[in-house]
Amino acid sequence: MSPRASATRVDRDRMTMKPELAALITTALEQLVSQGVLAGLPDAGPQIDRPKDPSHGDLSCNIAMVLAKRAGIAPRDLATQIIDTLPDNTLIDRCDIAGPGFINFFVNASHHTAVVRTILESGLAYGKSNCGAGRQVQVEFVSANPTGPLHVGHGRGAAIGDSLSRLLEATGWSVQREFYYNDAGQQINNLALSVQARGQGKDPDHPDWPADGYQGGYIEDVAAAYMAGDSVQAADREITGAADVDDLDAIREFAVACLRREQDQDLQAFQVVFDEYFLESSLYDSGAVEETVTTLQAAGHTFEDQDALWLRTTDFGDDKDRVMRKSEGGYTYFVPDVAYHHSKWQRGYQRVINEQGADHHSTITRVRAGLQGLNVGIPEGWPEYVLHQMVTVMREGAEVKLSKRTGGYVTLRDLIDWVGCDATRYFLVARAPTSQLTFDVDLALARSNENPVYYIQYAHARCVSVLRKAAEIAGDAHVSAGLAYLARLDEPETLSLAVSLGRFPEVVANAAERLEPHDVANYLRELAADFHSFYNAHKVLEGAPETMQARLALVAATRQVIASGLDLLGVSAPDVM
RNA sequence: GCGGAAUUAGCUCAGCUGGAUAGAGCGCCGGUCUACGAAACCGGAGGUCGCAGGUUCGACUCCUGCAUUCCGCGCCA
């Protein structure tokens with residue numbers, strides 16, 4: 001286990017009752033060692049799980065089965081000895097030995113409900129941790145070419161990348177969000193030629209239409225604006241159309257600005273904000289591309305063949321060598337890619353995560369190989385990658401393949417227009433990145449519990465509604481008063497909700513460590529279900545005042561956790577729906 | 001052909017980095033509102049975790065092979 005992973009584990013466990021139990025078990029094991037029953041302690045601490053089946057207790061431990069062989073004792077016998085040796089404590093009410101040798105622990109109910117106080121006292125800090133310890137991490141995502149509107153795949157990247165960033169921030173990392181902007185290279189020429197052709201009144205059926213031209217309707221809009229002399233204000237530039245159909249440079253600049261502006265607006269509507277847009281063109285301007293080539297040459301990793309310059313990427317695990325400089329003199333895309341990642345390293349990011357579509361997966365080996373070839377001390381597995389699979393869009397039972405704006409692919413803007421920002425973000429982030437995603441537009445619009453976004457948001461709105469009603473009677477006093485009566489929270493549905501609330505810090509830490517934001521989405525679905533069950537089983541605003549106040553505190557804590565969890569996904573937590 | 005990802009209920013998907021009788025939602029069947037928000041809740045039926053081996057106290061999870069699907073595989077980006 002790496003030092004980092006080990007630090008993470010300790011940090012995560014500190015926030016739950018797991019470490020308390022782990023400490024008790026470790027004490028017992030030490031005792032057994034001193035008695036000569038065990039030869040030594042295990043390398044890692046005892047593994048403690050939350051059983052799925054309630055009859056197996058609140059926590060369980062497999063340590064007896066792990067140590068049985070080495071100790072020469074039957075697992076169940078060893079389990080008995082461990083239980084008998086456990087120090088006195090208030091955490092565990094009782095424990096069982098089950099199956100082949102599991103030790104099942106039943107936690108005292110007060111430890112479950114105590115989390116309500118913790119949540120209300122910590123507020124927004126509940127669920128956060130500090131295993132990042134303020135270290136820097138860069139997350140690069142979206143990085144779309146400025147040749148058209150963002151498509152649904154970019155949307156998935158935006159949702160995952162931004163949520164990852166939020167998770168890392170919540171676990172103590174200092175995150176920089178970066179968008180790599182491919183504003184140089186052949187595809188930009190194709191863009192300029194396409195706009196020019198439209199400016200000349202040609203359409204894609206015209207015999208002189210550029211070979212790799214972009215055919216979408218948005219090209220016509222750009223051409224019309226350029227010829228009309230419109231001004232375009234994008235985040236990093238303002239350009240006025242020169243209206244000269246022969247000036248390809250002016251067209252290029254104008255078109256890039258137009259599409260940059262459109263992407264900016266899409267991302268704004270999606271509530272995703274970047275700290276830095278890194279321009280590919282700057283790598284040429286600064287000489288970084290040239291420098292990359294000469295460094296790789298000096299390091300002896302290149303060779304010339306058929307008038308081209310090659311990098312021996314096979315030295316670093318690639319299946320074949322790659323061309324760096326084409327025989328006609330230009331560089332392949334992979335050279336600026338290496339220069340770009342080198343710049344990340346030079347900027348001091350010892351940890352970098354690239355969120356990309358899985359269709360780019362073959363560049364990973366190449367980029368890493370190029371970075372190794374530079375021989376500047378970059379670790380082999382640097383940078384990290386999170387790859388997401390394709391997205392298909394379904395509507396009324398059929399796949400949607402056409403979009404008005406592009407003439408082809410469905411855009412992120414289409415999705416936002418159809419179902420709103422919240423539902424779009426939730427659905428795009430709620431599935432494991434490695435699985436292909438079917439985005440069902442009708443499902444995202446449904447207002448029932450088949451739609452998890454509304455299901456979770458509805459739970460939040462319900463909490464707010466109850467709290468509002470209680471406040472009309474006695475202000476906020478009820479909630480704080482309830483902390484004195486948490487022992488009243490003793491029904492199964494109520495305890496189950498409290499247990500779920502207590503899991504939140506583990507879920508956040510684990511999702512951040514595994515770089516899997518969908519864990520949070522799944523957790524929120526379960527938490528909302530627990531809340532709805534509790535809500536239907538027990539009237540909050542009725543019964544004994546002490547019970548009511550305790551339940552109000554529980555509701556306030558639930559509201560807090562749902563809001564925090566939704567925020568990690570970039571989804572709003574409405575008070576009313 | 002090579003590389004990557006996937007394969008779990010009729011459908012869409014989880015499965016906590018090896019644990020106990022594999023879970024949700026939808027759909028299907030049956031219940032619950034003169035209402036703290038029914039956008040909700042409760043119950044039922046539904047599975048050979050693609051197939052075959054292996055590793056071990058224990059495999060949906062790890063390893064090997066096979067099958068199927070998707071994505072890449074240019075001196076394009």
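Proteins get letters first, then strands, A, B, ... in listed order; numbering begins at 1 in each.
Ring stacking holds between A:Tyr535 and B:C36, with the centres under 5.5 Å apart and the planes within 30 degrees of each other. In this structure, A:His518 does not pack face-to-face on the six-membered ring of B:A14, missing the 5.5 Å centre cutoff or the 30° plane limit.
Rounded to whole Å, the separation between the P atoms of B:G31 and B:C51 comes to 38 Å. Going from the C1' atom of B:C76 to that of B:U61 covers 40 Å, rounded to whole Å. Between B:G15 and B:G47, the two C1' atoms lie 14 Å apart (nearest whole Å). Comparing the P positions of B:C42 and B:C60 gives an interatomic distance of 29 Å, to the nearest angstrom. Separation of the C1' atoms belonging to B:U21 and B:G58 is 15 Å when rounded to the nearest angstrom. The gap from the P atom of B:G50 to that of B:C13 amounts to 15 Å, rounded to the nearest Å. When the C1' atom is compared between B:U48 and B:C57, the two are found 24 Å apart, to the nearest whole Å. Using P as the reference atom, B:A45 and B:A35 are 33 Å apart when rounded to the nearest Å.
The ring of A:Tyr181 has its center no closer than 6.0 angstrom to the ring center of A:Phe278. Annotation: A:Tyr535 is in aromatic contact with A:Phe531 [ring centroid separation under 6.0 Å].
Taking side-chain N and O atoms only, A:Tyr455 has no distance below 4.0 Å to OP1 or OP2 of B:G37. Taking only side-chain nitrogens and oxygens, A:Arg462 comes nearer than 4.0 Å to OP1 or OP2 of B:A38. Within the structure, a side-chain polar atom (N or O) of A:Ser533 is placed less than 4.0 Å from OP1 or OP2 of B:C42. Applying the 4.0 Å criterion to OP1 and OP2 of B:C57, one finds that A:Lys69 has a side-chain N or O inside that range. The side chain of A:Lys469 contributes an N or O atom lying less than 4.0 Å from OP1 or OP2 of B:G37. The phosphate of B:C76 has OP1 or OP2 within less than 4.0 Å of a side-chain N or O from A:Lys326.
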>> Determine whether A:Met390 and A:Leu437 satisfy the following criterion, side-chain contact (heavy atoms from CB on, under 4.5 Å), listing intermediate values before the conclusion.
In response: CA-CA 6 Å; A:Met390 301 288 101; A:Leu437 175 65; over 6 Å; no

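Counting atom types as modelled, A:Tyr454 pairs no side-chain N or O with a base atom of B:A39 as donor and acceptor under 3.5 Å. Looking at A:Asn522, its side chain has no donor and acceptor atom pair within 3.5 Å of the base of B:A24.
Distance CG (A:Asp337) to C1' (B:C76): 12 Å, rounded to an integer number of Å. Rounded to whole Å, the distance from NZ on A:Lys539 to P on B:A40 is 16 Å.
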>> Treating primed atoms plus P, OP1 and OP2 as sugar-phosphate and everything else as base, which nucleotides of nucleotides 3-12 of chain B get B, S or - for protein heavy atoms under 4.0 Å?
In response: BSSS-----S

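Two residues are said to be in side-chain contact when any heavy atoms from C-beta on lie closer than 4.5 Å; A:Arg325 and A:Glu304 meet this criterion.
Using the six-membered ring where Trp is involved, A:His151 and A:His154 have ring planes that are parallel, under 30° apart on the 30 and 60° scheme. A:Trp310 and A:Phe303 have parallel rings, their planes meeting at less than 30° on a 0 to 90° scale where 60° marks the start of perpendicular.
What you find for A:Ser327 and A:Ala308 is that their closest heavy atoms are N-CB, 4.1 Å.
Ion pairing between a basic and an acidic side chain is recognised when a charged N comes within 4.0 Å of a carboxylate O; A:Asp96 and A:Arg94 show such pairing. Salt-bridge formation is not detected for the pair A:Glu516/A:Arg431: no Lys NZ or Arg NE/NH1/NH2 atom is positioned less than 4.0 Å from an Asp or Glu carboxylate oxygen.
In B:C33 the O4'-C1'-N dihedral to the base is within 90° of 0, which defines a syn nucleotide.
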>> Give the dot-bracket line for RNA chain B from 5' end to 3' end: parentheses for intra-strand Watson-Crick or G-U pairs under 3.5 Å, square brackets for crossings, | for inter-strand pairing, dots for unpaired.
In response: (((((((..((((.....[...)))).(((((.......))))).....(((((..]....))))))))))))....

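Between the side chain of A:His460 and the main chain of A:Pro574, a donor-acceptor pair closer than 3.5 Å is present.
Using a 4.0 Å heavy-atom distance criterion, A:Val576 is classed as a base contact.
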